[in-house]
Student: 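Have a look at this one before I ask anything.
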Amino acid sequence: MLIVQKYGGTSVGSIERIRNVARRCLAAQRQGHQVVVIVSAMSGETNRLLGLAKQISEIPDERELDVIASTGEQVSVGLVALAIHAEGGKAMSLLGHQVRVITDSAFARARIQEIDAQAITDALADGKIAVVAGFQGVDREGNITTLGRGGSDTSGVAVAAALKADVCEIYTDVDGVYTADPNVVPNARKVGRISYEEMLELASLGAKVLQIRSVEFGMKFGVPIHVRSSFNDNEGTWVVPEEKAMESVVVSGVTATKDEAKITMHGISDQAGIQAMVLRPLAAAGIVVDVIVQAYVEGGRTNFTFTLPASDLVRAKDLLVRQCGHLCPPDQIKTESGLSKVSVVGVGMRSHAGVALKMFEILAKENIAVQLIATSEIKISCVIDAKYAELAVRALHDGFALDKA
Ligand code: ADP
Ligand code: ASP
Ligand code: MG
């Protein structure tokens with residue numbers, strides 16, 4: 001088999017752990033497999049690097065930020081390759097531009113466009129383990145880019161897709177994908193198999209165990225993803241196409257996002273096209289808005305509310321005041337941060353009634369007020385005060401009895 005193994009920051013967090021990674025990939029190679037390893041920066045390193053940049057500039061140039069942030073992975077691949085040599089194996093490190101992982105030029109959140117895997121195949125043909133830097137790529141002008149936080153997952157699955165690998169193993173610090181973040185909900189249960197669709201929702205709604213784009217790649221190219229721990233040999237969680245049996249589970253996971261904010265434009269005219277006028281300047285500035293709610297007030301006036309990342313709030317308000325002042329006086333543009341979006345996800349929701357009702361009842365019992373609601377076929381999300389996010393996640397996990405199979 002051709003196996004791609006991706007090791008996250010904790011799994012390469014010390015020299016001893018790097019030796020452990022080296023032994024694991026050599027063990028797979030000894031079983032007769034071809035092995036490609038994708039590694040993240042050592043835990044804490046990417047934050048440290050971004051912190052250095054912030055000391056020089058509050059809003060650093062993103063091209064330079066990527067030059068800096070990508071070095072964490074450069075150190076890890078070198079160390080992992082050395083550790084494999086030290087164990088008597090053959091290995092070669094490869095950076096994003098050496099592979100080449102070609103991306104667009106959206107620094108700090110680049111998208112992979114193409115992977116030319118020749119350098120990896122050559123290394124494999126030489127009997128080497130290819131040790132590839134996660135998180136980084138190169139644009140068509142030769143600039144170094146990075147794929148957004150948690151982007152090594154995407155590097156792993158994208159390389160697996162390009163090589164038509166049999167599996168992409170994501171090694172992390174938990175045993176697999178759980179019904180909720182096991183660090184928040186102690187009795188969360190490991191899920192044996194989960195559909196790409198559910199995993200997409202969980203990843204986009206706060207379960208950082210996989211970066212959302214890695215799941216998109218897995219789904220698009222049919223790469224089986226196996227999420228497991230680098231500290232034991234337990235079977236982890238398989239992310240796979242939906243299976244019939246999955247429909248019988250109404251809710252398969254609970255998640256929460258942090259650092260959400262909302263903006264309400266009070267009493268704007270309900271004329272056609274008003275929503276586009278409000279959101280256009282934000283889109284042009286690359287600000288992603290999420291839950292959107294419009295409520296009719298009276299006399300042709302509506303309140304228009306949407307959520308966005310708290311980190312974009314000041315910039316967004318400023319844009320609206322300057323560019324949409326004719327639609328809504330500045331004192332009627334109200335903002336609030338410190339919000340969280342809690343969600344329940346499950347493909348079984350498509351065929352079961354009463355899930356939203358149950359969610360609202362559980363939150364009501366905890367006296368948690370719901371500010372905004374959004375649904376899709378397989379998820380229900382409620383925006384609440386972030387103070388109560390963990391309480392809400394635990395209550396929903398208990399209320400839907402997710403600790404029981
Ligand atoms: P890595 O450094 O290996 O990429 P991450 O920290 O990015 O690891 O992701 C693993 C973490 O994801 C876990 O430690 C856990 O706290 C968190 N997590 C959040 N939701 C879930 C979930 N539903 N199942 C498993 N882990 C989750
Ligand atoms: N090192 C990068 C980060 O911390 C990428 C990753 O770990 O996946 O976001
Ligand atoms: Mg991660």
Side-chain angles (χ1 to χ4, degrees), residues 5-14 17 21 37-51 65-66 68-77 96 101 108-110 132-137 145-159 168-192 194 198-215 225 227-231 234 236-237 239 251-258 342-346 389-390 393-394 396-397 402-403:
Q5 301 187 330
K6 177 262 169 177
Y7 291 90
T10 322
S11 304
V12 293
S14 67
R17 287 182 176 177
V21 167
V37 196
I38 315 288
V39 280
S40 293
M42 296 170 81
S43 57
E45 183 60 9
T46 308
N47 285 342
R48 189 187 72 85
L49 293 165
L50 295 174
L65 211 49
D66 278 2
I68 298 162
S70 61
T71 61
E73 274 72 13
Q74 176 161 349
V75 172
S76 310
V77 282
V101 177
R109 51 182 168 277
V132 177
F135 185 50
Q136 52 176 263
T145 56
T146 67
L147 309 179
R149 299 310 304 269
S152 296
D153 297 328
T154 302
S155 310
V157 180
V159 165
C168 180
E169 297 181 325
I170 303 282
Y171 284 96
T172 184
D173 56 0
V174 289
D175 274 8
V177 179
Y178 283 70
T179 47
D181 185 340
N183 290 313
V184 173
V185 181
N187 64 345
R189 186 173 44 83
K190 188 177 79 190
V191 185
I194 192 164
E198 285 169 312
M199 195 62 234
L200 267 184
E201 292 281 14
L202 290 174
S204 73
L205 297 169
K208 70 165 181 167
V209 61
L210 284 177
Q211 197 199 35
I212 178 161
R213 283 186 199 157
S214 71
V215 190
I225 302 173
V227 182
R228 55 195 309 198
S229 166
S230 63
F231 304 127
N234 299 347
T237 301
V239 189
V251 172
S252 46
V254 185
T255 54
T257 56
K258 291 184 283 196
V342 288
S343 310
V344 297
V345 173
E390 294 198 352
V393 168
R394 285 194 208 101
L396 290 165
H397 195 270
L402 298 192
D403 55 328

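One is the number of the first residue; the rest follow in order along the sequence. Remember, it's a predicted structure, so these values are computed and weren't measured experimentally. For ligands, and for the atoms within them, numbers begin at 1 and follow the listed sequence.
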Student: Are Leu50 and Thr46 close enough that some pair of their side-chain heavy atoms sits under 4.5 Å apart?
Tutor: yes
Student: Near Arg149, which atoms of ligand 2 are under 4.0 Å from a heavy atom of that residue?
Tutor: 3 (C), 4 (O), 9 (O)
Student: Less than 3.5 Å apart, any donor N or O on the side chain of Arg149 or Asn47 sitting next to an acceptor on the other?
Tutor: yes
Student: Check whether any heavy atom of Gly176 sits under 4.0 Å from an atom of ligand 1.
Tutor: yes
Student: Nearest to atom 14 (O) of ligand 1, what protein heavy atom do you find, and at what distance?
Tutor: Asp173 OD1, 2.9 Å
Student: So is there a nitrogen or oxygen of Asp153 less than 3.5 Å from a nitrogen or oxygen in ligand 2?
Tutor: no
Student: Could an N or O of ligand 1 be found under 3.5 Å from any N or O of Tyr178, whether backbone or side chain?
Tutor: yes
Student: Just which atoms of ligand 2 are under 4.0 Å from any heavy atom in Ser40?
Tutor: 6 (C), 7 (O), 8 (O)
Student: I'd like the name of whichever of Thr46, Asp181, Val393 reaches closest to atom 17 (C) of ligand 1 through any heavy atom.
Tutor: Asp181
Student: Would you mind running through ligand 1 and noting each atom that sits below 4.0 Å from a heavy atom of Ala207?
Tutor: 19 (C), 20 (N)
Student: Does any part of the side chain of Ile225, heavy atoms only, come nearer than 4.5 Å to the side chain of Val157, both counted from C-beta?
Tutor: yes
Student: Would Ala180 count as a contact of ligand 1 if the rule is a heavy atom under 4.0 Å away?
Tutor: yes
Student: Can you sort out which atoms of ligand 1 are near Gly9, meaning under 4.0 Å from one of its heavy atoms?
Tutor: 2 (O)
Student: May I ask whether Gln211 has any heavy atom positioned less than 4.0 angstrom from an atom of ligand 2?
Tutor: no
Student: Out of all atoms in ligand 1, which are within 4.0 Å of some heavy atom of Pro182? Include the element for each.
Tutor: 24 (N), 25 (C), 26 (N), 27 (C)
Student: When rounded to the nearest 0.5 angstrom, what is the spacing between OG in Ser230 and CZ in Arg17?
Tutor: 7.0 Å
Student: Does the pair Arg228/Asp175 count as a salt bridge with the N-to-O cut at 4.0 Å?
Tutor: no
Student: For ligand 1, does Lys6 get within less than 4.0 Å through its side chain, its backbone, both, or neither, judged by non-hydrogen atoms?
Tutor: side chain
Student: Under the 3.5 angstrom rule, does the side chain of Glu198 hit a backbone N or O of Ser252 as a donor-acceptor pair?
Tutor: no
Student: I'd like to check whether Lys208 has a polar contact with ligand 1, where a contact means an N/O of the residue lying under 3.5 Å from an N/O of the ligand.
Tutor: yes
Student: Is any side-chain heavy atom of Ile212 less than 4.5 Å from a side-chain heavy atom of Leu200?
Tutor: yes
Student: Under a 4.0 Å heavy-atom limit, does Asn183 contact ligand 1 with its side chain, its backbone, both, or neither?
Tutor: side chain
Student: Please work out, at 4.0 Å between heavy atoms, whether the side chain, the backbone, both, or neither of Thr172 comes within that distance of ligand 1.
Tutor: both
Student: With a 4.0 Å cut-off on heavy atoms, is Gly151 in contact with ligand 2?
Tutor: yes
Student: Knowing that exactly one of Val344, Val251, Leu402 qualifies, which makes a side-chain contact (heavy atoms from CB on, under 4.5 Å) with Leu396?
Tutor: Val344
Student: Testing the 3.5 Å rule here: is there a donor-acceptor pair between the side chains of Thr145 and Asp66?
Tutor: no
Student: Please could you name the atoms of ligand 1 that Val177 approaches to less than 4.0 Å, counting only its heavy atoms?
Tutor: 24 (N)
Student: Mark the output for Gly150 as yes if a heavy-atom distance to ligand 2 is under 4.0 Å, and as no if none is.
Tutor: yes
Student: For a 4.5 angstrom cut-off between non-hydrogen side-chain atoms, does Val393 reach Asp181?
Tutor: no
Student: Consider only side-chain N and O atoms of Gln136 and Glu73, and report whether a donor and an acceptor are under 3.5 Å apart.
Tutor: no
Student: Nearest 0.5 Å, please: how far is CZ in Phe135 from OG in Ser70?
Tutor: 8.0 Å
Student: Decide whether an N or O pair under 3.5 Å exists between Val174 and ligand 1.
Tutor: no
Student: Do Thr10 and Thr172 come within less than 4.5 Å of each other through their side chains, counting heavy atoms only?
Tutor: no
Student: Decide whether an N or O pair under 3.5 Å exists between Lys6 and ligand 2.
Tutor: no
